Amino acid sequence: MSAPVHDEGRPGPWQDAGRGGVPGARRGAGRGAEQDAWQDPRPFLRGIAWLDKGRPVRADPVDTMRLPWDTGERATLPIGVRLEFTTETARAVEIRYRATVPGPTDALRDLAHGFALWDRHGVVSEVFTEPAAEAVVRIGLGAGDGPFHGPFTIYPPENQSPLVLGLRGIGGALSPAPPAPRWVVHGDSITEGWWSTRPAHGWPAVAGRALGLDTVNLGYAGAARGELATAEQLAGLPADVLTLAFGTNCWSRVPYSVPLLYETTRAFLELVRQGHPRTPLLLVSPVLRPDAERTPNKLGATLGALRDAMERATRDRIAAGDDRLAVLPGRALLGPEHLADGLHPNDSGHQVLGLAVATALRRAGFDGG
């Protein structure tokens, strides 16, 4: 599938698929579509930040030269991109997709492609297919004969870079789920969802479902160190709610001093505010990292001191009049039992963190309502 995007790679409404849409797809993808016909996936996709030659990407494709290499690499993975739909009569859904197939020496060569179907109550089913460059997967919408109306969400296998070519309802057409307020979340590997066992278990997915938001995940593993080019990209993205959750990689991967992170946080917030002067914005400071809390890095800063610098910078801006900004201190949100490896949350930790962020957004009145 190849789809044009707005000039300069900016996000925008999908345009005509005449230059390479889905074979057999029907425009409109609604109730009037022919039963069991392949439908264009584009109206069903959620969590989209930018498009690059029809592929969802998580950094502005015309501005990658200003980003660190590790940010650019992680931004090619469609983390958080998913399909959302409703139906009147369908009993199952089929998805035609392309995905990366690991080479014979790759440690992930035997990893199955997993698709998870969720409704508002939780996971409905999971289907696993053998790695293939192009395949069709069928997912039942529930036990028995239904009816199964939804809304439903399908989480594809993110790390295999799936590109959805088409989807169709078995027994009836599918309709795109109603639009939801758009929540843009920026952070590091914790935000990207590391050590969660499923894409649906990462904390941004947990919080987004709890609040009914369209979560756009801009978490970059190993990166997210307050890069100001990223702040400018965030400023240019449509968003109804924003959350920033970086900082732990400023302790070790690229060491920061306390004054440097204080000023970086101030500058990052200022640049985001240039594009979103009144958009609700929550900053979540780094969560527990036991080996770093009291251990100085190469510039003499402990993670505890760096966390304090981020929180002070945010509160100073609030005190100066930014009443659409809030801070959620991260230190007490998780305990050691919530960490899979001393740094990244396990599934339980992601659940706790996601619900804590959802609660903080609600209390601040930043939940998109």
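On a predicted model such as this, the values are computed, not experimentally measured, just so you know.
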Under 3.5 Å: donor-acceptor pair, side chain of T215, backbone of A205: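 Side chain of T215 to backbone of A205: no pair is present.
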Donor-acceptor under 3.5 Å (N217 side chain, T191 main chain):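 Flag set: sc N217 to bb T191 pair under 3.5 Å.
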To the nearest 0.5 Å, what is the distance between [atom1] on [X] and [atom2] on [Y]?
X: S175; Y: H149; atom1: OG; atom2: NE2; value: 12.0 Å
X: W50; Y: L218; atom1: CH2; atom2: CG; value: 5.5 Å
X: R307; Y: T248; atom1: CZ; atom2: OG1; value: 8.0 Å
X: I139; Y: I170; atom1: CD1; atom2: CD1; value: 11.5 Å
X: L333; Y: S285; atom1: CG; atom2: OG; value: 7.5 Å
X: F44; Y: Q39; atom1: CZ; atom2: CD; value: 4.5 Å

Neighbour count above 12 (heavy atom, 6.0 Å) for R363 CZ: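 No - once you tally the heavy atoms of other residues, nucleotides and ligands closer than 6.0 Å, there are 12 at most.
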Over 12 non-hydrogen atoms of neighbours within 6.0 angstrom of CZ in R66: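 Result for CZ/R66: enclosed.
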Give me the atom names and distance for the closest heavy-atom approach of [X] to [Y].
X: R362; Y: D367; result: CG-OD2, 3.8 Å
X: A224; Y: F246; result: O-CB, 3.2 Å
X: H344; Y: D341; result: N-OD1, 2.7 Å
X: A99; Y: H113; result: CB-CE1, 3.6 Å

Contact check, side chains of [X] and [Y], non-hydrogen atoms, under 4.5 Å:
X: L165; Y: W38; value: no
X: L353; Y: I190; value: yes
X: W251; Y: D291; value: yes
X: I48; Y: V81; value: yes
X: Q351; Y: D347; value: no
X: D119; Y: F152; value: yes
X: P61; Y: K53; value: no
X: W195; Y: N346; value: no

Salt bridge present between [X] and [Y] (N-O < 4.0 angstrom):
X: R96; Y: E94; result: no
X: D70; Y: R253; result: yes
X: E192; Y: R58; result: yes
X: D214; Y: R82; result: yes

Pair R273-E270, salt bridge (Lys or Arg N to Asp or Glu O under 4.0 Å): steps then yes or no: CA-CA 5 Å; R273 276 295 186 231; E270 173 59 30; over 6 Å; no
Verdict with supporting geometry, L141 and F85, side-chain contact (heavy atoms from CB on, under 4.5 Å): CA-CA 11 Å; L141 299 184; F85 63 93; 3.9 Å; yes
Passing option when L281 is tested against T243, L269, D322, V327 for side-chain contact (heavy atoms from CB on, under 4.5 Å):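 With L281 as partner, side-chain contact (heavy atoms from CB on, under 4.5 Å) holds for just one option, L269.
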Of L67, T64, L228, the residue whose pairing with Q233 passes side-chain contact (heavy atoms from CB on, under 4.5 Å):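 Answer to the side-chain contact (heavy atoms from CB on, under 4.5 Å) test with Q233 among L67, T64, L228: L67.
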Verify same cluster id: F148, F115 (apolar side-chain graph, 4.5 Å):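 Yes, one cluster joins them.
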Linked, directly or transitively: L334 and L355 (ILVMFWY side chains, under 4.5 Å):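 No, it is not one cluster - the side chains of L334 and L355 are not joined through contacts under 4.5 Å.
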